[in-house]
Amino acid sequence: MGIELSYPANEKQDSKHSITPKWMLSIYKHIELAAAIFSGVLILIAWISESFVADSITIPLYISAFIIGGFAKAKEGIEETIENKDLNVELLMIIAAIGSAIIGYWMEGAILIFIFALSGALETYTMNKSKKEISALMDLQPEEALRITGNKEEVVAVSSLELGDEILVKAGERVPADGKIIKGQTAIDEATITGESMPVDKELGDQVFAGTVNLSGTLVVELTKSPSESLFQKIIHLVQSAKSERSPSQLFIERFEGAYVKIVLASATLMMVLPHYLLGWSWQDTFYRAMIFLVVASPCALVASIMPVTLSAISNGARKGILFKGGVHLENLSNIKAIALDKTGTLTNGKPQVTDLYLDTDVSEKEILNVIGSIERESTHPLAEAVVRYVCGEDILIDAEVKNMTNVSGNGVHATVGEDRWKIGKPEFIGINETNKFQNGISHKLAQEGKTIVFVSKNDKVVALFALKDTVRDIAKKAITILQREGIKTVMITGDNETTAKAIAEECDIDEYYANCLPEEKVDRLKTLQQKYESVAMTGDGINDAPALATANLGIAMGEGTDVALETADVVLMKNDLSKIAYAISLSKKMNRIIKQNIVFSISVIALLLLSNFLQALNLPLGVIGHEGSTILVILNGVRLLKGQ
């Protein structure tokens with residue numbers, strides 16, 4: 001039967017789009033930088049021409065440099081002043097440049113505009129660079145999908161897909177939306193989601209995520225989430241939100257800027273008059289010094305001390321699989337004194353595994369595991385699934401014929417295989433006396449190690465014992481050690497029983513632990529920890545962790561956790577790697593250290609330039625270079641975090 005293909009309505013329109021030359025796109029993309037450089041070229045030409053060309057030619061060149069270099073900043077300053085009804089740094093610079101021109105210092109005023117425009121272009125470049133991860137992610141999201149409806153296949157826009165739709169994903173293609181495999185098997189490159197380079201094998205029933213790459217087989221995927229709610233889209237949303245949210249330091253600087261600009265303008269107005277009468281300066285010197293004061297007192301470097309650093313740090317974290325929902329959370333991370341951790345899914349893998357197997361000496365291992373695997377395969381209980389995984393891992397063929405399989409809720413199962421009656425479950429279900437005697441009471445020792453015990457009986461005789469445990473993540477112990485080395489107390493808060501909690505805490509070398517905690521009790525424990533340590537982070541992945549994540553000074557969710565946990569948390573670890581917390585804390589400390597360096601440096605430069613100006617030891621060009629140079633330096637100091645720590 002032939003396959004019908006239809007295409008989105010906008011595809012024909014796309015084919016008509018004109019192709020813009022790459023060099024034009026590049027100039028448009030960096031228009032602010034191009035304007036600054038062009039104004040610099042005009043200034044250079046005017047300066048070289050001054051000795052042999054009339055002012056009627058050089059002054060228009062300087063005016064052109066004023067307009068071309070200063071247009072973007074003047075427009076920005078005027079619009080922000082009207083919108084916020086407050087003065088800003090951009091207006092200070094424009095006023096200072098115009099003032100310089102009024103008293104005949106055309107070149108100095110033009111240089112001021114040029115360097116100010118150049119530093120502004122550099123800051124814009126930094127912000128665009130820090131947002132590059134979003135653009136890269138957006139490019140990885142397919143715009144079209146091949147939807148299957150009965151025997152019909154049609155190419156549709158991903159945005160038009162709905163829950164339950166079936167889509168065809170061929171080898172080499174990116175998965176358009178989150179869903180589960182209903183046909184086919186393959187290996188998936190999930191680096192865009194987890195950051196892990198090794199492909200993950202996928203088969204029937206497994207989840208696949210938007211933006212990941214189907215490496216081999218052809219798949220039919222049923223959508224389990226609408227495209228707008230995919231994990232991929234959540235990552236993009238988290239990064240976008242983080243870049244638009246201001247940290248406390250940034251908010252303070254922004255509030256400070258308006259008041260500071262007013263003080264500078266008022267002081268500059270006084271400087272235009274008072275030194276003439278009090279210090280005997282000429283009117284030209286007085287006005288000249290007032291213009292220099294306007295330039296060097298402007299808080300450009302101070303304003304640029306924080307935002308570029310914060311955006312660079314957020315982008316750095318995003319590349320490492322750490323998503324911050326705002327600069328405030330990144331800034332606060334370095335203040336954490338203790339971290340509370342959930343057990344299941346955070347410290348542990350979240351799935352029970354068979355750790356020990358004891359068999360009666362009179363039975364054949366292969367035969368009994370075949371029977372046990374055949375019985376447990378018909379159960380959906382997590383412990384039964386763990387037993388089946390273990391049996392399959394031992395390369396045991398599971399082919400016994402099971403009859404009369406019955407699930408006894410909360411206890412276990414019983415079934416018939418051949419002529420034999422089998423039971424699998426708790427000691428009480430099998431028989432306390434028999435289980436206590438098995439292998440000299442080994443079950444008591446295993447239980448003290450925090451393991452769950454499953455007994456197997458054949459015709460009322462105990463023939464096997466499985467010990468299962470939710471195993472600790474390989475990275476968890478390393479992460480705990482690193483956090484403790486940073487001076488951070490580690491606390492486990494879990495709903496599991498005392499024995500299991502104690503065993504996990506000892507295995508991970510955790511400082512404190514609390515067991516048998518319901519969601520509201522986790523919140524109470526967290527409040528107690530906050531009283532003790534002041535600033536406490538909480539790490540979790542489940543719905544039951546959400547209240548504690550919201551209560552903590554900083555909530556950290558595991559990337560594979562529930563939607564509720566991801567929405568509630570302030571930070572998301574996409575790779576479920578606890579060691580990334582230590583990296584994030586180190587990144588936060590580095591960011592705060594650079595911010596402090598920038599603030600101290602910018603204030604010191606302003607103070608030095610103001611003093612030099614008052615002593616008449618500073619001319620306008622040096623004032624411009626000193627002031628704008630310090631702005632460029634603090635931006636470059638912050639950009640370092642884009643590449644690493």
Side-chain angles (χ1 to χ4, degrees), residues 17-50 53 57-81 88-98 100-101 106-136 138-139 243 295 298 300-301 303-304 307-309 311-312 315 620-621 624-640 642-643:
H17 286 169
S18 59
I19 300 174
T20 306
K22 287 185 178 180
W23 66 270
M24 288 183 64
L25 288 173
S26 180
I27 291 177
Y28 180 75
K29 185 177 179 181
H30 303 290
I31 189 68
E32 193 174 345
L33 180 61
I37 293 173
F38 187 48
S39 71
V41 171
L42 290 175
I43 293 168
L44 182 62
I45 293 171
W47 177 69
I48 293 173
S49 305
E50 275 185 344
V53 175
I57 294 176
T58 57
I59 290 178
L61 286 173
Y62 285 128
I63 292 174
S64 298
F66 268 70
I67 295 171
I68 293 170
F71 176 78
K73 284 297 178 183
K75 181 173 178 287
E76 180 183 336
I78 293 169
E79 286 178 349
E80 286 188 6
T81 298
N88 51 52
V89 173
E90 285 76 11
L91 283 182
L92 270 187
M93 291 296 95
I94 299 303
I95 292 170
I98 293 172
S100 301
W106 287 98
M107 184 181 73
E108 287 82 352
I111 290 174
L112 171 59
I113 290 293
F114 164 67
I115 300 180
F116 188 57
L118 189 63
S119 65
L122 180 59
E123 186 168 4
T124 300
Y125 169 79
T126 303
M127 292 183 180
N128 290 339
K129 182 82 173 173
S130 71
K131 293 176 182 177
K132 196 173 181 180
E133 288 78 12
I134 297 179
S135 300
M138 298 286 271
D139 291 340
K243 291 183 182 300
V295 173
S298 176
C300 295
V303 171
M307 183 55 74
V309 188
L311 292 179
S312 298
S315 298
L620 187 56
V624 169
I625 292 170
H627 177 266
E628 295 302 328
S630 66
T631 304
I632 292 174
L633 285 176
V634 298
I635 293 172
L636 291 175
N637 194 33
V639 172
R640 290 190 294 129
L642 278 174
K643 297 297 181 184

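Basis for what follows: all heavy atoms, side chains included, without hydrogens, waters or symmetry-related copies. Only a predicted model underlies this, so the values are computations on that prediction, with no experimental measurement involved.
Looking at residues two or more places apart in sequence or on another chain, you find a side chain to side chain contact (heavy atoms under 4.5 Å, CB included) between Ile59 and Asp55, Ile63, Trp106. Phe38 is linked by a side chain to side chain contact (heavy atoms under 4.5 Å, CB included) to Leu42, Ile68, counting only residues two or more places apart in sequence or in another chain. By the side chain to side chain contact (heavy atoms under 4.5 Å, CB included) test, Leu633 is found to be paired with Phe601, residues two or more places apart in sequence or in another chain being considered. In this structure Ile625 satisfies the side chain to side chain contact (heavy atoms under 4.5 Å, CB included) test together with Ile115, sequence neighbours excluded.
Here the straight-line distance linking atom OG of Ser630 with atom CG of Asn637 works out to 12.0 Å at 0.5 Å rounding.
Residues Phe66 and Ala110 come closest through the heavy atom pair CE1-N, 3.4 Å. Taking every heavy atom of both residues into account, Ser39 and Phe114 meet most closely at OG-CD1, 3.6 Å.
Remark: of the listed residues Ile45, Ile43, Leu44, Ile45 is the sole one forming a side-chain contact (heavy atoms from CB on, under 4.5 Å) with Val41.
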